[in-house]
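We're numbering straight along the sequence, starting at 1.
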Amino acid sequence: MILFSSMAILISLILALISFWLPLMTPDTEKLSPYECGFDPLASARLPYSMRFFLVAILFLLFDLEIALLLPTPWAIQLSNPIAALTWASVIIILLTLGFIYEWLQGALEWAE
C-alpha cells in the first residue's frame, strides 16, 4: 500500500514538473496571447466581424449539440422499448444531415469564394 502511494505521488510530481518546465522552452506569441481566436486584443473593438467565422462557430455548436443529444442512446437501447429511442436518434441524425446538405448546397460552407 505504501509502495503504491509513493509511486503515485512520485509520478504525479514528475508529471507536474514536466508540465511546468516544458512550455517555458518554446514560448510563442500565439501561446502568450490571451485570445485564441486570432484577434489582436490591443486593436480597435470596432473592426468588422467575419461572418464566415461566425457561421463556422454556429455550425460547430449545432453539431456539438448533436453529440449531446445522441449520448444517451446506448443506455436507452437497454430499456424495455429500445425502438422508440432508436427512432428519435434516427430522426435527429436525419434532420441534421438534411440541414448539413442544405448548408452545403447553399454554399455556406465555402470559406473562400
Side-chain angles (χ1 to χ4, degrees):
M1 182 68 177
I2 294 174
L3 179 65
F4 177 74
S5 299
S6 62
M7 288 299 290
I9 291 172
L10 180 67
I11 290 173
S12 300
L13 287 174
I14 290 171
L15 290 175
L17 288 174
I18 289 174
S19 70
F20 283 118
W21 173 69
L22 196 60
L24 297 177
M25 291 175 53
T26 57
D28 195 5
T29 57
E30 284 83 15
K31 290 180 184 178
L32 297 175
S33 173
Y35 299 105
E36 296 179 4
C37 60
F39 294 123
D40 186 13
L42 302 175
S44 174
R46 303 284 183 210
L47 294 175
Y49 190 71
S50 172
M51 196 59 161
R52 299 272 183 198
F53 183 79
F54 178 73
L55 183 64
V56 169
I58 293 296
L59 288 174
F60 174 76
L61 289 175
L62 177 71
F63 287 104
D64 194 38
L65 181 64
E66 170 194 358
I67 302 283
L69 289 173
L70 294 176
L71 187 63
T73 304
W75 292 281
I77 291 174
Q78 298 175 2
L79 295 174
S80 61
N81 188 9
I83 301 298
L86 290 175
T87 302
W88 284 111
S90 299
V91 166
I92 291 171
I93 290 175
I94 289 169
L95 283 174
L96 286 170
T97 303
L98 289 174
F100 181 68
I101 291 170
Y102 177 76
E103 291 287 330
W104 193 343
L105 292 177
Q106 293 295 318
L109 300 176
E110 297 295 327
W111 190 258
E113 295 177 7

Under 3.5 Å donor-acceptor pairs involving side-chain atoms of residues 82-97, not counting sequence neighbours:
unit_1	atom_1	unit_2	atom_2	d
Thr87	OG1	Ile83	O	2.6
Ser90	OG	Leu86	O	2.8
Thr97	OG1	Ile93	O	2.7

Let me have the donor-acceptor pairs involving side chains of residues 102-109, under 3.5 Å, with sequence neighbours excluded, atom names and distances please.
none

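The hydrophobic cluster of Met1 has no other members, since no ILVMFWY side-chain heavy atom comes under 4.5 Å of it. Side-chain contacts under 4.5 Å among hydrophobic residues (ILVMFWY), followed directly or transitively, place Ile11 together with Leu15. Other members of the hydrophobic cluster containing Leu3, listed by chain and number, are Met7; membership follows side-chain contacts under 4.5 Å among ILVMFWY residues, whether direct or relayed.
Side chain of Ser19 to backbone of Ala16: a donor-acceptor contact under 3.5 angstrom is found.
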